[in-house]
Participant: 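Take this structure first; my questions come after.
The chains referred to below are lettered A, B, ... by the order of the sequence lines, with proteins before strands, and numbering in each begins at 1. Here the structure is a predicted model, which is why all the values come from computation and not from measurement.
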Protein chains: 2
Amino acid sequence: MKIEPNYCEVGSALDIIVGKWKPLILLTLIEKDEPVRFNQLHKSIPEISQKVLTKQLRELESENIIMRQVFPEVPPRVEYSMTSYGLTLFPILDAMHKWGEKHQQLKLKDEKPHNNIM
Amino acid sequence: MKIEPNYCEVGSALDIIVGKWKPLILLTLIEKDEPVRFNQLHKSIPEISQKVLTKQLRELESENIIMRQVFPEVPPRVEYSMTSYGLTLFPILDAMHKWGEKHQQLKLKDEKPHNNIM
DNA sequence: CTGTATCCATTGGGATACTG
DNA sequence: CAGTATCCCAATGGATACAG
């Protein structure tokens, strides 16, 4: 284990990923593997409000994790996609995903069968 | 890439790690590799207030990521250590650390040499 | 030494309505 | 379609003082 807390860089990755919907946004973009329109993104994650979706996209964009392409058409079209730099985050997302899967399964296993009356 | 956004578990890992000082706390405990007293922890991370340190420790403990051992002595002694479950987070922290290192170095490279007058 | 208890400022995110 | 603009709330974290 060669991690030096006093020279810790974990924060920089975390800062980028953290945001209630950012992992989901990133995973969606990674999975589709092609530019995705704003509205598609919103449909993939309906629980998020437009304001927040826009904000998190802007933040990811400003970190150069995702790309925003505007097509001067009517109606307007804006497409988002991962940058190659953004894709370097994949090992992190993947590690978290794998961990989460296991963790979540354990949680489910621990749950009592729902045979309680009432 | 086998990540399904609609069945996304990334959040569960993230929820545990997120907290302004949690990564640092975890890395410290992992690095020392032995029980660490509250005060030692505080000295390792002096910028954190007692209140917040306590709170983040409590949260990690309630997720079973770290262990809290109280020794009924005077003056009181309380030692914290990683649980074996907590250690399963290591691949995630490690992935983030490696990414951060690279990322940070790039940032440093991009900086201008500080030879500007004033 | 290892905490609580208060009080406070900032932020993140949600609901809703409006716009080019 | 792809956003802004407001208003609002809850949660996070910081400063400080106190306690067993």
Participant: Please round to the nearest 0.5 Å and tell me the distance separating atom CD1 of B:I92 and atom CG of A:D94.
Facilitator: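 B:I92 CD1 to A:D94 CG: 10.0 Å, rounded to 0.5 Å.
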Participant: Holding to salt bridge (Lys or Arg N to Asp or Glu O under 4.0 Å), I want the full list of residues that pass it with A:R77, two or more places apart in sequence or in another chain.
Facilitator: A:E73, A:E79
Participant: A:L53 CG to C:dG13 P: how many Å, rounded?
Facilitator: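 Taking CG of A:L53 and P of C:dG13, I get 12 Å after rounding.
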Participant: Can you tell me how far the CD1 atom of B:I25 sits from the CD1 atom of B:I30, to the nearest 0.5 Å?
Facilitator: 12.0 Å
Participant: How many whole angstroms separate atom CG of B:L41 from atom C1' of C:dG3?
Facilitator: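 In whole Å, C:dG3 C1' and B:L41 CG are 14 Å from each other.
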Participant: Phosphate oxygens OP1/OP2 of C:dG3: is one of them under 4.0 Å from a side-chain N or O of B:R58?
Facilitator: yes
Participant: Select base, sugar-phosphate, or nothing to describe what A:Y80 touches, counting heavy atoms under 4.0 Å on all strands.
Facilitator: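 Counting heavy atoms under 4.0 Å across all strands, the contact made by A:Y80 is with sugar-phosphate only.
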Participant: Would you say B:R68 reaches C:dG3's phosphate, i.e. side-chain N/O to OP1/OP2 under 4.0 Å?
Facilitator: yes
Participant: Which residues pass the salt bridge (Lys or Arg N to Asp or Glu O under 4.0 Å) test with A:K55, not counting sequence neighbours?
Facilitator: A:E59
Participant: Check the distance between C:dG12's C1' and A:K22's NZ and give it to me in whole angstrom.
Facilitator: 10 Å
Participant: Hey, quick one: are A:F71 and A:L57 part of the same hydrophobic cluster, counting side-chain heavy atoms closer than 4.5 Å, chains of contacts allowed?
Facilitator: no
Participant: Whole angstroms only, please: what is the CZ-P distance between B:R77 and C:dG3?
Facilitator: 13 Å
Participant: Check B:P91 against B:T88 and note the closest heavy-atom contact, atom names and distance.
Facilitator: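 Smallest heavy-atom distance, with atoms named: CD-O, 3.2 Å.
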Participant: Return the CD1 to CE distance between A:I17 and B:M96, rounded to the nearest 0.5 Å.
Facilitator: 6.5 Å
Participant: Just one of B:I16, B:I66, B:L60 clears the side-chain contact (heavy atoms from CB on, under 4.5 Å) bar with B:K22, so which one?
Facilitator: B:L60
Participant: Where does the chain B footprint on DNA chain D start and end, counting 5' to 3' with a 4.0 Å heavy-atom cut-off?
Facilitator: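 Taking any atom under 4.0 Å from a heavy atom of chain B, the span is D:dT12 to D:dG20.
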Participant: Once you apply a heavy-atom cut-off of 4.0 Å, does B:Q56 come out as touching a base, just sugar-phosphate, or nothing?
Facilitator: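 Since only primed, P, OP1 and OP2 atoms lie under 4.0 Å of B:Q56, the category is sugar-phosphate.
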Participant: Side chain to side chain contact (heavy atoms under 4.5 Å, CB included) between B:L87 and B:F90: does it pass, once the steps are laid out?
Facilitator: CA-CA 5 Å; B:L87 285 175; B:F90 183 73; 5.5 Å; no
Participant: Rounded to the nearest angstrom, tell me the gap between atom CD1 in A:I48 and atom C1' in C:dG14.
Facilitator: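 These atoms are roughly 10 Å apart.
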Participant: Can you list everything that forms a side chain to side chain contact (heavy atoms under 4.5 Å, CB included) with A:N64? Sequence neighbours excluded, please.
Facilitator: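 A:N64 satisfies side chain to side chain contact (heavy atoms under 4.5 Å, CB included) with A:T83, A:Y85 once adjacent residues are dropped.
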Participant: Could you work out how much the helix from C:dC1-D:dG20 to C:dG20-D:dC1 bends, comparing the axis of its first five pairs with that of its last five, to 10°?
Facilitator: 50°
Participant: Among A:E61, A:M67, A:E63, whose side-chain contact (heavy atoms from CB on, under 4.5 Å) with A:I65 holds?
Facilitator: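 Per the side-chain contact (heavy atoms from CB on, under 4.5 Å) rule, the option paired with A:I65 is A:E63, out of A:E61, A:M67, A:E63.
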Participant: Any chance you could list the contact pattern along nucleotides 15-20 of chain C? Use B for base contacts, S for sugar-phosphate-only contacts and - for none, protein heavy atoms under 4.0 Å, 5' to 3'.
Facilitator: B----B
Participant: Roughly, in whole Å, what's the span from NE2 in A:H42 to P in C:dG14?
Facilitator: 10 Å
